[in-house]
> 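I am attaching a structure below and will ask some questions about it afterwards.
Remember, predicted model here, so these are calculated numbers, not experimental data.
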Amino acid sequence: MLSFWTRTTGLHRALRLGTCMSIKRMQPVWGNERRYASTSEENRRIPKIYTKTGDKGFSSTFTGERRPKEDHIFDALGTTDELSSAIGLAREFCIDSGHSFTDQLEKIQCVLQDVGSNIATPRSSARDSHIQKTKFSSQAVIELERWIDSFTEELPPLTNFILPSGGKSSAALHVARTVCRRAERCVAPVVRLGETDAEVARYLNRLSDYLFTVARYAAMKEGNAETVYKRPE
């Protein structure tokens with residue numbers, strides 16, 4: 001969970017460091033020249049990516065609650081992170097192919113950061129301040145629907161089952177679609193428990209539709225045929 005946890009644990013680490021930093025006036029150096037620095041500045045180190053706080057199989061939510069790593073919350077978080085990675089890979093193929101919708105994919109990855117923030121804030125332990133910071137808007141769902149409708153207008157009608165195919169861009173987007181479906185399945189029990197906004201589940205459901213549509217669109221724009229399902233004889 002590097003993307004989301006770097007932000008939250010980095011903040012916590014900065015706050016901890018901030019409480020023990022004290023600015024000192026240093027003794028004169030080289031005649032009348034004075035040097036002003038903090039002890040921490042003299043010993044400045046790049047923060048380490050590892051915190052060791054999860055070594056015993058537990059991790060923290062945004063609310064500070066400690067839960068086992070196999071908890072529904074972290075299962076949903078991890079799969080959402082995996083989804084963003086799959087979209088990132090697909091986006092690279094799409095950039096290489098010169099597709100016009102790559103900015104949409106980047107925006108979706110940013111929205112998935114917000115999805116992760118919402119999931120990482122279980123309502124059972126959240127304060128009002130937590131909920132306000134991580135509230136998920138339905139506007140993101142509306143935007144996906146608008147994009148889907150726009151692509152669908154250009155696509156030929158779907159009359160057969162198709163297999164993930166149509167070139168590297170299209171196939172990679174289909175992989176992202178299947179990861180999205182799994183993310184939706186992981187989020188569903190968290191939503192039913194009332195721990196996460198229902199809009200998050202709606203977004204993931206609509207996102208899989210978007211990825212299916214844009215995969216077909218990528219194949220069409222590249223002039224690649226989609227493989228039609230045929231019952232094996």
> Taking all non-hydrogen atoms of both residues, which atom of S169 and which atom of E222 are closest, and how far apart?
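Shortest heavy-atom separation between S169 and E222 comes out as OG-OE2, 3.0 Å.
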> Mind telling me whether F151 and Y217 have parallel, tilted or perpendicular rings, with 30° and 60° as the class edges?
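Rings of Y217 and F151: tilted, as their planes differ by 30° to 60°.
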> Let me check something: do I162 and V214 share a hydrophobic cluster, defined by ILVMFWY side-chain heavy atoms less than 4.5 Å apart, either directly or through other members?
no
> Of all the heavy-atom pairs spanning C180 and L204, show the shortest one and how long it is.
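C180 and L204 have their closest heavy atoms at SG-O, 3.2 Å.
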> May I ask you to decide if A215's main-chain N or O and S170's side chain share a donor-acceptor pair within less than 3.5 Å?
yes
> If we only count heavy atoms from C-beta on, is the F58 to T53 side-chain gap below 4.5 Å?
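No; the side chains remain at least 4.5 Å from each other.
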> Nearest 0.5 Å, please: how far is CG in L112 from CG in N118?
12.0 Å
> Determine whether C94 and L105 make a side-chain contact, defined as any pair of heavy atoms from C-beta on separated by less than 4.5 Å.
yes
> Could you pull out the closest heavy-atom pair between S125 and H130, with the gap in Å?
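Answer, listing the atom of S125 first, then H130: O-ND1, 4.5 Å.
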> Heavy-atom count check: over 12 atoms from other residues, nucleotides or ligands less than 6.0 Å from H99 NE2?
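Count over threshold, so yes.
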> Find the distance between CZ (R216) and NE2 (H174) and round it off to the nearest 0.5 Å.
8.5 Å
> Which heavy atom of P68 sits nearest a heavy atom of F74, and at what distance?
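Looking at all heavy atoms of both residues, the shortest contact is O-CD1, 3.3 Å.
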> My understanding is that only residues two or more places apart in sequence, or in another chain, count here; which of them pass side-chain contact (heavy atoms from CB on, under 4.5 Å) with D75?
T79, C186
> Does any N or O in the side chain of Q109 come within less than 3.5 Å of the main-chain N or O of S84, such that one atom is a donor and the other an acceptor?
yes
> How far does CG of L207 sit from CD1 of I108, to the nearest 0.5 angstrom?
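So the CG of L207 and the CD1 of I108 are separated by 5.5 Å.
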> Salt bridge or not for D197 and R123, using N-O below 4.0 Å?
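R123 and D197: salt-bridged.
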> Can Y203 and V187 be said to form a side chain to side chain contact (heavy atoms under 4.5 Å, CB included), step by step?
CA-CA 11 Å; Y203 182 79; V187 166; over 6 Å; no
> Just wondering, are more than 12 heavy atoms of other shown residues or ligands nearer than 6.0 Å to CZ in F161?
no
> Which heavy atom of V179 sits nearest to which heavy atom of A86, and what is that distance?
CG2-CB, 4.4 Å
> Would a 4.5 Å heavy-atom cut-off, applied to side chains only, mark S97 and K221 as touching?
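No. Closest side-chain heavy atoms not under 4.5 Å.
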> Can you measure from CD1 (I148) to CD (E145) and round to the nearest 0.5 angstrom?
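The CD atom of E145 is 6.5 Å from CD1 of I148, to the nearest 0.5 Å.
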> State plainly whether one hydrophobic cluster holds both M220 and Y210, where clusters connect Ile, Leu, Val, Met, Phe, Trp and Tyr through side-chain heavy atoms under 4.5 angstrom apart.
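Looking at the clustering, Y210 is in the same group as M220.
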> With the side chain counted from C-beta on, respond yes when R231 and Y229 share a heavy-atom pair under 4.5 Å apart, and no when they do not.
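They are in side-chain contact.
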> So, are R181 and D209 salt-bridged, with charged N and O less than 4.0 Å apart?
yes
> State, without any angle test, whether E184 and S208 hold a side-chain donor-acceptor pair at a distance under 3.5 Å.
no
> Calculate, to the nearest 0.5 Å, the distance between atoms CD1 and OG1 belonging to I73 and T63 respectively.
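With rounding to 0.5 Å, CD1 (I73) is 9.0 Å from OG1 (T63).
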> Looking at side-chain heavy atoms only, is the closest gap between F136 and T121 below 4.5 Å?
no
> A side-chain contact here means heavy atoms from C-beta on lying under 4.5 Å apart; do F101 and L173 qualify?
yes
> Linking I/L/V/M/F/W/Y whenever their side-chain heavy atoms sit closer than 4.5 Å, directly or via other members, would L144 and V191 fall into one cluster?
yes
> May I have all residue pairs that pass salt bridge (Lys or Arg N to Asp or Glu O under 4.0 Å) and include part of residues 60-70, sequence neighbours excluded?
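Residue pairs passing salt bridge (Lys or Arg N to Asp or Glu O under 4.0 Å), neighbours aside: E65-R67, R67-D71, R67-E195.
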> Measure across A120 and T61 and return the closest heavy-atom pair with its distance rounded to 0.1 Å.
O-CB, 3.3 Å
> Is the CG atom of D128 crowded by more than 12 outside heavy atoms at less than 6.0 Å?
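Atom CG in D128 is not packed in, count stays at 12 or less.
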> To the nearest 0.5 Å, what is the distance between CD (Q104) and CD1 (I87)?
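Here the rounded value is 11.5 Å.
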> Can you list the residues that meet the side-chain contact (heavy atoms from CB on, under 4.5 Å) rule with E143, with sequence neighbours excluded?
K107, R146, W147
